[in-house]
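Below is one structure, written out as structure tokens; the observations come after it.
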Amino acid sequence: MSLLRKIQNLPILSKFMLNRYAPYRGAGIEIETLDYANSHIRVNMPLTRKNQNIVGVHFGGSLYAMVDPFYMLLLMHHLGPKYIVWDKEASIHFLAPGRGTVYADIRIDANEVNTILELAEDHAPVYRTYQLDIYDDSGVRIAVVSKTVYIRRKKPKARFKNQSDH
């Protein structure tokens with residue numbers, strides 16, 4: 001396993017790196033909790049002049065950005081390097097304006113990971129759709145995000161004999 005991969009698997013370092021990721025810093029997005037063992041990530045974003053839209057509420061792009069990579073990140077962690085994991089599709093449905101700090105909890109349970117392992121065993125593509133809510137600091141649900149993730153177990157690399165192996 002590469003050094004970078006080992007570092008990324010340490011929650012405290014992953015959280016540190018993500019919280020310094022330029023798009024997140026610019027929007028004020030903060031990863032509060034990064035708990036790989038319990039498959040839980042919690043993010044928040046206060047309303048600032050850098051992430052508000054023309055009418056003074058949270059910009060929709062920032063709301064989506066705050067939850068964008070985390071299903072993929074959790075699945076990559078739990079499935080490991082023998083699997084390809086990509087975001088395939090996403091949508092966001094706005095329910096109410098976000099006027100203060102907003103937050104979201106991203107979770108994947110162990111049964112879901114086991115289901116994926118079973119479905120991907122034959123190297124066929126697997127598509128899983130997840131839904132999560134974004135809430136404001138008073139508990140009002142302001143948006144629903146739907147994410148479809150593509151997962152496939154990598155095929156073993158073909159082994160070729162060298163001419164010198166004969």
Side-chain angles (χ1 to χ4, degrees), residues 4-5 7-81 83-113 115-116 119-120 125-152:
L4 180 61
R5 182 97 173 140
I7 289 170
Q8 289 171 331
N9 282 329
L10 298 171
I12 195 161
L13 288 175
S14 291
K15 181 178 168 182
F16 178 83
M17 291 186 317
L18 285 165
N19 279 330
R20 276 139 192 86
Y21 181 52
Y24 278 13
R25 287 184 64 176
I29 297 166
E30 178 192 12
I31 290 79
E32 272 182 52
T33 304
L34 181 63
D35 183 354
Y36 286 132
N38 293 304
S39 295
H40 174 234
I41 297 173
R42 182 176 203 151
V43 295
N44 74 57
M45 181 175 58
L47 181 62
T48 68
R49 65 176 181 76
K50 292 182 177 181
N51 63 20
Q52 67 184 10
N53 65 18
I54 197 166
V55 294
V57 298
H58 276 286
F59 173 63
S62 295
L63 288 169
Y64 176 73
M66 80 180 236
V67 299
D68 177 33
F70 296 114
Y71 282 109
M72 189 172 94
L73 184 68
L74 284 171
L75 287 169
M76 287 171 67
H77 174 79
H78 285 288
L79 297 174
Y83 290 82
I84 297 167
V85 181
W86 285 103
D87 284 330
K88 181 72 174 161
E89 185 177 325
S91 66
I92 185 166
H93 182 72
F94 302 105
L95 304 172
R99 292 191 168 89
T101 298
V102 295
Y103 67 92
D105 288 294
I106 299 95
R107 298 177 189 276
I108 294 180
D109 69 25
N111 289 335
E112 172 65 4
V113 173
T115 298
I116 291 167
L119 292 171
V126 175
Y127 298 92
R128 303 298 282 180
T129 300
Y130 304 101
Q131 191 168 321
L132 69 113
D133 297 315
I134 298 174
Y135 293 91
D136 70 11
D137 50 4
S138 64
V140 173
R141 191 168 70 142
I142 63 162
V144 177
V145 177
S146 179
K147 300 269 304 180
T148 300
V149 181
Y150 166 93
I151 305 142
R152 186 176 58 78

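Annotation for Ser39 and His78: closest pair OG-NE2, 2.8 Å, computed over non-hydrogen atoms. Minimum heavy-atom separation, Tyr36 to Ser14: OH-OG, 3.2 Å. Pairing each heavy atom of Val43 with each of Met66, the nearest pair is CG2-O, 3.3 Å. Taking all atoms of both residues into account, the shortest heavy-atom contact from Ala104 to Leu132 is CB-CD1, 3.8 Å. Taking both residues in full, the closest heavy atoms of Arg141 and Ala96 are given as O-CB, 4.2 Å, listed atom of the first, atom of the second, then distance. Minimum interatomic distance between Leu63 and Ile134 (heavy atoms only, all atoms of both residues): O-CD1, 3.5 Å.
Remark: Gln131 CD to Thr148 OG1 distance equals 10.5 Å, nearest 0.5 Å. The CD1 atom of Ile92 sits 9.0 Å away from the CG atom of Leu95 when rounded to the nearest 0.5 Å. One distance of note links NE2 of His93 with CG of Asp133; it measures 11.0 Å at 0.5 Å rounding. Taking CG of Asp136 as the start and CG of Leu47 as the end, the distance is 11.0 Å to the nearest 0.5 Å.
Glu112 pairs by the salt bridge (charged side-chain N to carboxylate O under 4.0 Å, His left out) definition with Arg128, not counting sequence neighbours. Not counting sequence neighbours, Ser146 has no partner by the side-chain hydrogen bond (donor to acceptor under 3.5 Å, both in side chains) test. For Tyr83, the side-chain hydrogen bond (donor to acceptor under 3.5 Å, both in side chains) criterion is met by no residue, not counting sequence neighbours. Not counting sequence neighbours, the partners of Arg99 by the side-chain contact (heavy atoms from CB on, under 4.5 Å) test are Val57, Pro97. Every residue was checked against the salt bridge (charged side-chain N to carboxylate O under 4.0 Å, His left out) condition with Asp109, not counting sequence neighbours, and none meets it. Residues passing the salt bridge (charged side-chain N to carboxylate O under 4.0 Å, His left out) test with Asp68 are Lys147, sequence neighbours excluded. With sequence neighbours excluded, the residues satisfying side-chain contact (heavy atoms from CB on, under 4.5 Å) with Asp137 are Thr101. Checked against side-chain hydrogen bond (donor to acceptor under 3.5 Å, both in side chains), Asn38 has the following partners two or more places apart in sequence or in another chain: Asp35. Applying the side-chain contact (heavy atoms from CB on, under 4.5 Å) rule to Ile84 yields the partners Trp86, Tyr150, Arg152, Lys154; only residues at least two apart in sequence or on another chain are considered. Applying the side-chain contact (heavy atoms from CB on, under 4.5 Å) criterion to Arg107, with sequence neighbours excluded, gives His40, Asp105.
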Which atom pairs, one a donor and one an acceptor, fall under 3.5 Å between side chains of residues 16-32 and the rest of the protein, sequence neighbours left out?
{"from": "Asn19", "atom 1": "OD1", "to": "Ile31", "atom 2": "N", "distance (Å)": "2.6"}
{"from": "Asn19", "atom 1": "ND2", "to": "Lys15", "atom 2": "O", "distance (Å)": "3.4"}
{"from": "Asn19", "atom 1": "ND2", "to": "Ile31", "atom 2": "O", "distance (Å)": "3.2"}
{"from": "Arg20", "atom 1": "NH1", "to": "Phe16", "atom 2": "O", "distance (Å)": "3.3"}
{"from": "Tyr24", "atom 1": "OH", "to": "Ala65", "atom 2": "O", "distance (Å)": "2.9"}
{"from": "Glu30", "atom 1": "OE1", "to": "Asn44", "atom 2": "ND2", "distance (Å)": "3.4"}
{"from": "Glu32", "atom 1": "OE2", "to": "Asn44", "atom 2": "ND2", "distance (Å)": "2.6"}

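Note on residues 51-73: pairs passing ring pair (Phe, Tyr, Trp, His ring centres under 6.0 Å), not counting sequence neighbours, are Tyr71-Tyr130.
The shortest distance between side-chain heavy atoms of Leu75 and Val149 falls below 4.5 Å.
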### Query
Given the rule in the side chain to side chain contact (heavy atoms under 4.5 Å, CB included) test, do Ile142 and Val102 qualify, once you have shown the distances and angles that lead to the verdict?
CA-CA 8 Å; Ile142 63 162; Val102 295; 3.4 Å; yes
